[in-house]
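So that the names make sense, note that chain A is the first sequence line, chain B the second, and so on, each numbered from 1.
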There are 2 protein chains.
Amino acid sequence: MSAADEATQDLIARRNRLLGPAYRLFYEQPVQFVRGEGVWLYDASGHRYLDAYNNVASVGHCHPHVVQAIARQAGVLNTHTRYLHETVLDFAERLLATFPHQIGHVMFTCTGSEANDLALRVARTCTGGTGFIVTANAYHGVTSALTELSPSLGLPLPQGSHARLIPAPGSGENATEIFAGHVSAALEDMKRSGIRPAALLVDTIFSSDGVFADPPGFLRPAVEATRAAGALFIADEVQPGFGRCGEGMWGFARHGLVPDLVTMGKPMGNGHPVAGMAARPELLAEFGRRSRYFNTFGGNPVSASAGIAVLDVIAAEGLVENARDTGAYLIKLIKGLQARHPLIAGVRGSGLFVGVELRSGGPNGTPATAEATRIVNLLRERRVLISSAGPHGNVLKIRPPLVFGTEHADMLIQRLDQALAELEVMSEQ
Amino acid sequence: MSAADEATQDLIARRNRLLGPAYRLFYEQPVQFVRGEGVWLYDASGHRYLDAYNNVASVGHCHPHVVQAIARQAGVLNTHTRYLHETVLDFAERLLATFPHQIGHVMFTCTGSEANDLALRVARTCTGGTGFIVTANAYHGVTSALTELSPSLGLPLPQGSHARLIPAPGSGENATEIFAGHVSAALEDMKRSGIRPAALLVDTIFSSDGVFADPPGFLRPAVEATRAAGALFIADEVQPGFGRCGEGMWGFARHGLVPDLVTMGKPMGNGHPVAGMAARPELLAEFGRRSRYFNTFGGNPVSASAGIAVLDVIAAEGLVENARDTGAYLIKLIKGLQARHPLIAGVRGSGLFVGVELRSGGPNGTPATAEATRIVNLLRERRVLISSAGPHGNVLKIRPPLVFGTEHADMLIQRLDQALAELEVMSEQ
């Protein structure tokens, strides 16, 4: 074992001892990073890795404008929202300007889980309902209430659960009608079971289900059915939001929809724990009459400054446009690989959120789960970071910081080409 | 209206428009702070306020050692725990060294709510139970699952709830036996209702119930009864923890107890969103077999650096000892005020967590709710920040940053004396 490998093994042993067994590491050979800059992460030996996976450091690892905003405000004041402070209001105003006019308020939390959990509370309070519809491999968070709505965690549904799971959207013909049909069936099932529906909760790019972006607008009939049954539409923008999809700031925009509640998180502070929920004012009027909400760290001046700085960078560096253009370029290159690598059964996505479905035996073959895991690990050996998603784990999940350029896409494609070739050689042996 | 008052009114209107009606402000005349340093907060006109309330900025507002730690690490790397990083392990090791040896693992979240919600998940998983016992005016957090266990929020208990509320500890004779009796009765009631108990969850200084610290050890028989019924003891240290109680780092230490799970938050990063749960390893072994936990921002290198810096300052500046000594000095001075101000029915607390109960008509008189609110607002006019707690809101809650010295205690007492005198004059008119 090399000295570096020994150091890694020591670190893993120490981690298991201190943090316990509920923590997981990425990769067959876990990697230790010590520094980040733009699209690059550096390991302890100084090797740099192309980050094509991390959506949290969305405007680039350690972006100086965000770092400065955090450092400056942390030295001046960091307190809660029961005193008045302008910065949280400036941030709210900047955020709300990115939404359709029907979305009029924003509330701040620290994590996407807290934002989604708050959305559940608001939906229950405003509809009187308890039923939630989510997709079959969705992930919405780790609170007690959200694990029940996050089947990708693989936990058993509690007895008598009011959650209803529906199949993820397909990518074939009639995807729109089929998805709306599943939502309607779930609503009917609730009716039969005496459960009043509260909301349809979806990640607008269906990240954990395997990335489903097209056709634009396919969510609309499903949302109409939901509203006709008296329930709300909650757009979970924790993964697709903040420009990643390359068409405006929010994933729901591609569907020509205005949600009732919108939740956001991960990239919101470029790593600083900032998250939130935006809402139609009439819903919060009702919620505010019956309840209140206080989050000790939520909306503090440091978090708000980090959030404002992220919005600054997205605008100043044209990152939504870059997500659109580099994303389109990347998808074209991956499609180019399909001719040489039949394992690639399909390429889906929007902007810099791309899913590459691997199947053995053609587009309708069996999900290539083990192969996807191998590719992810082979790319890690080649110092490129991606992951996999979908119920079978056979969809390569490519979701880089938004400062990812065409030169980075070229490098990713070259290494992916090599990894696929190596996999093919291995499977022929 | 003065120009400053007009600016405040504009800010409040803007806040209502942007954040909506679920947010609340402190004080009849809300206050805008723009800067903090040590025990001081400064308003927009440059006036300084003595902070005798905020436990989050526990080592002092904007402590340079913590600010530098955050700024330095934010500029180097901020990523999640699925890659290896030493800082989260260093932080875990430092934290675990503050606990009894039976507590062997720590897991990181961003907020105390997330920590308590995780503790519920672990307790349910490890006991197979669903019943939780909390005190009648407890506060444990804002997630869907925790609002049900936070009666101080005033929300109705859902039908068929498995939560059982027990009276807060008293401060009279036999407090120990009475509290244990309430816990046993709740366990009996669960048994009759076919509910398997999961845990007794208490804030170890009963902050929202009105601050109950004595006699040391009074929790022990209650915890024994809980364990005899197969349930766990969760010590919520979000408010009492990190040295505030002046006797070691944790509130449970005064009770001579080792909890099964310990949750912590607020002061852990001096304002940076850091929180966590420490646990007996055998519980996480079971939880890890059945479940896993990932918190995107939890335990990131910046949060861990902030947490380490807080532990550094607590040790370097002797803040546990200061909490003990200044707290004892403060309680003595408040008791000195009792002779002149019969409204003070009792003084309770430990270290720099002090509750001053106000009653009209002597120690057994009626709770002086309106008077407590007036005192809090009169002190705000005199630029001293405190709040009130308890089911009747008649307990002045004094919980300053731990860098609070005897000179600050003197100032607080002088202003409190004035405010009580002014209240007495008003009530005679």
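With a 4.5 angstrom heavy-atom cutoff, A:Y27 touches chain B only via side-chain atoms. Only the side chain of A:Y139 comes within contact range of chain B, with heavy atoms under 4.5 Å apart. For B:L96, the part lying under 4.5 angstrom from a heavy atom of chain A is the side chain only. Interface remark: A:R289 contributes no atoms to any contact with chain B (heavy atom separation under 4.5 Å). For a residue to count as touching a neighbouring chain, one of its non-hydrogen atoms must lie under 4.5 Å from one of that chain's; by this rule A:L25 touches chain B with backbone and side chain alike. At a 4.5 Å heavy-atom cutoff, the contact between A:L155 and chain B is made by side-chain atoms alone. Contact annotation for B:L89: both backbone and side-chain heavy atoms come within less than 4.5 Å of a heavy atom of chain A. Proximity to chain B is absent for every atom of A:L95, based on heavy atoms less than 4.5 angstrom apart. Contacts of B:D43 with chain A are absent, with no heavy-atom separation under 4.5 Å from either backbone or side chain. Within the 4.5 angstrom heavy-atom criterion, only side-chain atoms of A:I70, from C-beta onward, approach chain B. If you measure heavy-atom distances from B:V66 to chain A, you find no contacts under 4.5 Å at all. For B:L120, the part sitting under 4.5 Å from any heavy atom of chain A is the side chain, from C-beta outward, and nothing else. Looking at A:D90, the atoms closer than 4.5 Å to chain B (heavy atoms on both sides) sit in the backbone and in the side chain alike. Interface remark: A:V122 contributes no atoms to any contact with chain B (heavy atom separation under 4.5 Å).
Counting heavy atoms from C-beta on, the side chains of B:F108 and A:L19 come closer than 4.5 Å. With contacts defined as side-chain heavy-atom distances shorter than 4.5 Å, the pair B:T111/A:T296 does not qualify. In this structure, the side chains of B:V302 and A:H272 stay at 4.5 Å or more apart for every pair of heavy atoms. Side-chain contact between B:L77 and A:L41: present, with at least one pair of heavy atoms (C-beta onward) separated by less than 4.5 Å.
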Without placing hydrogens or testing angles, list every side-chain donor-acceptor pair under 3.5 Å for residues 54-64 of chain A, not counting sequence neighbours.
unit_1 : atom_1 : unit_2 : atom_2 : d
A:N54  : OD1    : B:H80  : NE2    : 2.9
A:N54  : ND2    : A:D51  : OD1    : 3.2
A:N54  : ND2    : A:D51  : OD2    : 3.0
A:N54  : ND2    : B:Y83  : OH     : 3.0
A:N55  : OD1    : A:R399 : NH2    : 3.3
A:H61  : NE2    : A:D51  : OD2    : 2.7
A:H63  : ND1    : A:H65  : N      : 3.1
A:H63  : NE2    : A:E317 : OE2    : 2.8

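Proximity to chain B among residues 140-147 of chain A is limited to A:V142, A:T143, A:S144, A:A145, A:T147, judged by heavy-atom separations below 4.5 angstrom.
A donor-acceptor distance shorter than 3.5 angstrom exists from the side chain of A:H105 to the backbone of B:R17, with no hydrogens or angles considered.
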